[in-house]
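Atoms within each ligand, like the ligands themselves, are counted from 1 in listed order.
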Amino acid sequence: MASLEENLSSLQKHLASFREKGVMHRIAGVDESGTKTFPTLTPIDESEICQVACGTAADINKAADAAHAAFPAWRDMPAKERRAILIRIAEGIEARAEEIALLECYDTGQAFKFMSKAALRGAENFRYFADQVTSARDGQHLRSPTLMNITTRVPIGPVGVITPWNTPFMLSTWKIAPALAAGCTVVHKPAENSPLTARLLVEIAEEAGLPPGVLNTVNGFGEEAGRALTEHPKIRAIAFVGESRTGSIITKQGADTLKRMHLELGGKNPVIVFDDADLDRALDAVIFMIYSINGERCTSSSRLLVQDSIREEFERRLVERVNNIRVGHPLDPKTEIGPLISQEHFDKVTSYFAKATAEGATIAAGGTSESPGYFVRPTLFTGANNDMTIAREEIFGPVLTSIPFSTEEEALQIANDTSYGLTGYVWTNDLTRALRFTDKLEAGMIWVNSENVRHLPTPFGGVKASGIGRDGGDWSFEFYMEQKHVGFATGQHKITKLGAS
Ligand code: NAD
């Protein structure tokens with residue numbers, strides 16, 4: 001793996017065009033500078049990377065018109081041709097994976113160690129959904145005595161994709177790949193804090209032969225560009241990834257135009273460690289699921305529920321490992337945690353240190369920060385209970401709250417006592433307990449004796465305040481497509497006659 005110095009030198013090459021032109025919108029295959037700009041900063045030292053076009057309702061309108069105009073030809077393109085373009089996009093991503101990773105780390109503060117794989121996961125999303133293209137429209141034969149009923153699926157139309165700043169490239173592909181595979185056209189509004197790699201995605205897609213207007217990118221803030229997208233009458237659906245509060249706001253914004261909404265929202269996910277578990281593997285997974293990706297991860301296991309009988313020893317080992325985690329420059333291949341995304345987010349995450357002690361918890365590791373840059377030491381709170389703010393609110397940083405329990409019933413009660421329900425992780429070697437527990441655990445996704453291992457055909461999504469709808473496999477097409485029923489009569493059934501005699 002390249003050294004920090006080598007990565008920094010490659011980064012400079014990739015930054016050159018951004019420094020020169022800034023990040024522009026891309027609408028109908030054309031660069032648009034818009035009427036105003038805002039700066040994007042690197043969280044490494046808070047310096048400005050470049051200016052970014054700041055989308056307005058007029059920019060969104062132009063992009064929605066472009067997506068609307070491009071829709072019929074994209075929808076009607078033979079599936080094999082659409083598939084070939086998606087495969088070429090995957091190849092384009094693979095060819096530029098290092099550039100994507102370096103820019104993503106510089107823009108977001110995520111460690112290169114993890115981001116180098118995130119770009120490739122983006123390519124995988126395109127490959128997986130490319131392979132589904134040829135069967136996406138297939139339906140069913142539902143024969144009745146006098147009718148041959150068939151169903152088919154058709155793409156819903158132009159859709160809006162609104163994404164957050166944590167692993168922005170991978171999350172964008174996760175939404176955009178199935179939308180394009182379904183035959184929809186897209187207006188993408190990336191997060192204002194991480195605009196760089198969304199620009200690379202649209203560039204790669206067009207170079208791969210995606211017709212102009214099929215994927216359009218408009219940068220800017222949620223309250224202006226995002227809002228206009230959710231309210232636009234030509235946009236049929238919104239695929240959204242972000243905070244639960246924002247999900248609720250955009251649902252209201254989309255109400256007047258009856259938007260279909262897919263919401264992937266926040267989490268306060270429990271990892272439950274029973275005393276009969278493989279504790280070495282559990283320890284590795286607990287650490288990985290909260291401290292990788294800077295803890296800025298919707299599926300992070302931010303509440304550790306650990307059984308009384310093993311708590312002391314488990315927490316002792318945890319503290320030792322957490323204190324060893326390497327915080328540093330995200331482009332250093334040895335770095336495990338980079339700086340948080342922004343000043344605002346840094347202030348939010350670090351505010352929980354005082355809240356924890358004020359409510360009676362102990363800071364067993366971390367609890368410190370470093371500037372310039374938004375660096376936070378990985379933090380562990382012990383002696384907590386589930387009523388504390390640190391157990392209830394999504395902190396979205398490298399911060400773990402450890403809560404003891406004594407019985408299975410108590411663990412279940414604590415695990416479900418939250419407004420969220422995205423993921424749950426259960427560590428036990430008792431098979432029947434695992435069955436009982438997962439059956440009652442309120443979460444959209446649960447892993448037993450494992451960290452989150454994503455498999456694209458499986459459904460991804462949350463319950464309660466963690467979201468509505470599912471991604472992955474055919475579930476993605478259920479969102480981006482409409483079911484259509486057609487009944488062909490054999491001419492034999494009786495048609496009730498009115499006014500006939
Ligand atoms: P956020 O909700 O602040 O912003 C997400 C996106 O929504 C951004 O592009 C933003 O500009 C836009 N937006 C904000 N207000 C809007 C409005 N009124 N109308 C339209 N768009 C608007 O979220 P964030 O801080 O960028 O991301 C972190 C959150 O995302 C966390 O809560 C995390 O759990 C969640 N997340 C969830 C998943 C998942 O799959 N469930 C995955 C990643 C992140």
Review point. Within the side chain of N385, is there an N or O that forms a donor-acceptor pair under 3.5 Å with the backbone of I403?
Key: no
Exercise for review: Check each of V426, I272, T401, N386 against L305 using the side chain to side chain contact (heavy atoms under 4.5 Å, CB included) test, and report the only one that passes.
Suggested key: I272
Review point. Is the closest side-chain donor-acceptor distance between Y352 and E393 under 3.5 Å?
Key: yes
Exercise for review: Measure the CG-CG distance between N269 and L441 for me, rounded to the nearest 0.5 Å.
Suggested key: 9.5 Å
Check your understanding: Does the separation of the ring centres of F38 and F221 fall below 6.0 angstrom?
Key -> yes
Revision key, fill the gap. Residue pairs meeting side chain to side chain donor-acceptor pair (under 3.5 Å), one or both in residues 109-122, sequence neighbours left out, come to Q110-E296
Any protein N/O atoms within less than 3.5 Å of an N/O atom in ligand 1? List the atom names and distances, or say none.
unit_1: ligand 1; atom_1: 2 (O); unit_2: E243; atom_2: N; d: 2.9
unit_1: ligand 1; atom_1: 2 (O); unit_2: T246; atom_2: OG1; d: 2.6
unit_1: ligand 1; atom_1: 9 (O); unit_2: T163; atom_2: O; d: 2.8
unit_1: ligand 1; atom_1: 9 (O); unit_2: K189; atom_2: NZ; d: 3.0
unit_1: ligand 1; atom_1: 11 (O); unit_2: K189; atom_2: NZ; d: 2.7
unit_1: ligand 1; atom_1: 11 (O); unit_2: E192; atom_2: OE1; d: 2.6
unit_1: ligand 1; atom_1: 11 (O); unit_2: G222; atom_2: N; d: 3.2
unit_1: ligand 1; atom_1: 18 (N); unit_2: Q253; atom_2: OE1; d: 3.0
unit_1: ligand 1; atom_1: 19 (N); unit_2: G222; atom_2: O; d: 3.4
unit_1: ligand 1; atom_1: 19 (N); unit_2: Q253; atom_2: NE2; d: 3.1
unit_1: ligand 1; atom_1: 23 (O); unit_2: E243; atom_2: N; d: 3.4
unit_1: ligand 1; atom_1: 25 (O); unit_2: W165; atom_2: NE1; d: 3.0
unit_1: ligand 1; atom_1: 26 (O); unit_2: W165; atom_2: NE1; d: 3.1
unit_1: ligand 1; atom_1: 30 (O); unit_2: G242; atom_2: O; d: 3.4
unit_1: ligand 1; atom_1: 32 (O); unit_2: E394; atom_2: OE1; d: 2.7
unit_1: ligand 1; atom_1: 34 (O); unit_2: E394; atom_2: OE2; d: 2.6
unit_1: ligand 1; atom_1: 40 (O); unit_2: E264; atom_2: OE1; d: 2.8
unit_1: ligand 1; atom_1: 41 (N); unit_2: L265; atom_2: N; d: 3.2
unit_1: ligand 1; atom_1: 41 (N); unit_2: L265; atom_2: O; d: 2.7

